[in-house]
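Heads up: the structure comes next, in structure tokens.
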Amino acid sequence: SKLLNYTHKLIDEFDASSHPLTKFTTGDNDNEGHVGDDYFLNSSDKISFFMEPGAFNERNELTKPKDKAINKIGHGLHLDPVFYPYTINSTTKEIVDKLGFQDPRVLQSMIICKQPEIGGEVPSHQDGTFLFTKPQSAIGFWIALEDCDENNGCLSYLPGSHKLVPIQKRFVKKEGGGTGFIYFNEEQRDEYDNDEKDYVKIKCRKGSLILIHNSVLHRSNLNFSDSSRYAYAFHVIDGAAEYDELNWLQVPPSGGANFTKLEL
Ligand code: FE2
């Protein structure tokens, strides 16, 4: 597809030697990954590259070729002229209109690479943790650029969880730098079903669109196959909901929630 070819071109042109080598993980360990990294925090309007944690040795050197080491590209792809029409179009608009959005705003657009061998497991999470609004409003648009199945780490979700499991925590910029989670319970832990066997796998063909509710628990496995599993994902929040300055993703240069309006 056009997006897949264009993504490969972006990776070809990407100069890994001048990169801060930001690792990406949505895991729960605050001290892993991209903590405190301006490259990550300032990525809302850029095409930035985030690496697989497993692609580094103990001296923080890449041990894989760059096209096999990139975990994600984001988080402002929707501003790129090639990605824009796949993001802001009549289909997306119709969906958010039907969902009752008053002021739909696009943010956190990204290519998820899910590389072979090191394409990490994404632990169970709720997207409302990462795009926290009051009230919750985020909806994820997830488009498969390659066929997805249980061998290459397709998405899976816990049926009914969006109604039964309130958002447990939020991902924030910490005072003094870095990022971390704020829990809404005293135990500071996730009280939900993390058991893979209860999750339903979503096998799909390339080109499929999956909509992800802000509170649905979802995850994906390691990629056990020998090829990548690329997907393009972006999110829409309602600008009518509160999006505060604690959120990790802010519009540069001075922060704020003035994300791209979804209008035709
Ligand atoms: Fe997610």
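Only heavy atoms go into these numbers, but all of them, side chains included; no hydrogens, no water, no symmetry mates. Nothing here was measured: the structure is a model prediction, and the numbers come from that model. Order of appearance sets the numbers: ligands from 1, and atoms from 1 within every ligand.
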**Request:** Provide the atom name of the closest N, O or S atom of H125 relative to the Fe ion (ligand 1).
**Result:** NE2

**Item:** Donor-acceptor pair, side chain of D238 and main chain of D103, under 3.5 angstrom
**Value:** yes

**Request:** Please work out which of the three classes, parallel, tilted or perpendicular, describes the rings of F184 and F132, given edges at 30° and 60°.
**Result:** tilted

**Request:** Kindly give the atom name of the N, O or S atom of H218 closest to the Fe ion (ligand 1).
**Result:** NE2

**Asked** Taking the side chain as C-beta and beyond, is there a heavy-atom pair between Y39 and F49 under 4.5 Å?
**Response** yes

**Request:** Just say parallel, tilted or perpendicular for the rings of H125 and F130, cut-offs at 30° and 60°.
**Result:** perpendicular

**Complete:** Atom name of the N, O or S atom of D127 nearest to the Fe ion (ligand 1) is OD1

